[in-house]
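Any value given below was found using the heavy atoms of this structure, including those in side chains, with hydrogens, waters and symmetry copies removed.
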Amino acid sequence: MSEVGGLIPTLGLAVLAALIYGLLHKVSPPFALLFSMATGVFLLVRLASALQGVVQGIQALAGQVNGEAFRCLLRCAGILLLTDYAGALCDEAGAESLAWCTSLAGRVLMLAALWPMLEEVCGLIWELTG
């Protein structure tokens, strides 16, 4: 699937699934949530080829830059994506306070993952100014 060529069918499927979700939510909210999650997984599977291209690009980039800093940024990107997905699922399930806590936890975990790089940057700044 080409990245641009697969955009319209993928978005069309997402919109159709959202309409079906809206109808199911009135009749059976738990089934609607399962339908939504299954559709999300299906959409992610459809995006596998595009994701494979992204992974290849990331691997090529990793060979050109500082490995530790790059791993730190990748961890942060993973935390961001997983936190956003978990928060959206909590929000969709009607647990707004849990979604907020998930978002806060993601921010704290991202800060913890970034901490070694922040220390290194601050150390470089102190060396240059000191």
Side-chain angles (χ1 to χ4, degrees):
M1 166 174 76
S2 100
E3 288 76 14
V4 176
L7 178 66
I8 299 299
T10 301
L11 293 179
L13 180 62
V15 169
L16 179 63
L19 292 172
I20 293 171
Y21 170 82
L23 294 172
L24 285 175
H25 188 68
K26 294 177 184 176
V27 178
S28 175
F31 186 69
L33 178 63
L34 289 175
F35 174 78
S36 174
M37 291 171 62
T39 302
V41 168
F42 180 75
L43 288 173
L44 291 175
V45 169
R46 278 185 53 90
L47 297 174
S49 65
L51 186 60
Q52 187 178 21
V54 170
V55 169
Q56 289 172 351
I58 288 172
Q59 288 173 341
L61 213 92
Q64 299 173 358
V65 296
N66 179 349
E68 184 59 36
F70 193 70
R71 279 192 296 277
C72 184
L73 290 174
L74 282 180
R75 277 193 304 269
C76 288
I79 290 168
L80 174 70
L81 291 171
L82 291 174
T83 301
D84 184 54
Y85 187 66
L89 284 176
C90 292
D91 197 33
E92 189 174 312
E96 290 84 12
S97 62
L98 187 56
W100 181 86
C101 288
T102 302
S103 177
L104 178 64
R107 289 181 183 114
V108 170
L109 290 171
M110 192 177 317
L111 182 60
L114 269 177
W115 198 257
M117 193 158 73
L118 288 173
E119 286 179 328
E120 187 175 327
V121 168
C122 287
L124 288 172
I125 291 172
W126 289 326
E127 284 178 18
L128 292 173
T129 60

Under 3.5 Å, side-chain donor or acceptor atoms of residues 22-45 against the rest of the protein: list the pairs with distances, not counting sequence neighbours.
residue: S36; atom: OG; partner: E92; partner atom: OE1; Å: 3.3
residue: S36; atom: OG; partner: E92; partner atom: OE2; Å: 2.6
residue: T39; atom: OG1; partner: F35; partner atom: O; Å: 2.8

Taking only distance into account, with no hydrogens and no angle test, what donor-acceptor pairs under 3.5 Å do side-chain atoms of residues 100-115 form with protein atoms, sequence neighbours excluded?
residue: T102; atom: OG1; partner: L98; partner atom: O; Å: 2.8
residue: S103; atom: OG; partner: R107; partner atom: NH1; Å: 3.0
residue: S103; atom: OG; partner: R107; partner atom: NH2; Å: 3.4
residue: W115; atom: NE1; partner: E119; partner atom: OE2; Å: 3.0

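The side chain to side chain contact (heavy atoms under 4.5 Å, CB included) test with Y85 singles out one residue from L81, L89, L82, and that residue is L89.
Within the model, atoms CG of L124 and OG1 of T129 stand 10.5 Å from one another, a figure rounded to the nearest 0.5 Å.
With a 4.5 Å cut-off on side-chain heavy atoms, C76 and M117 do not count as touching.
The hydrophobic side chain of L128 is isolated, with no ILVMFWY side chain under 4.5 Å apart from it.
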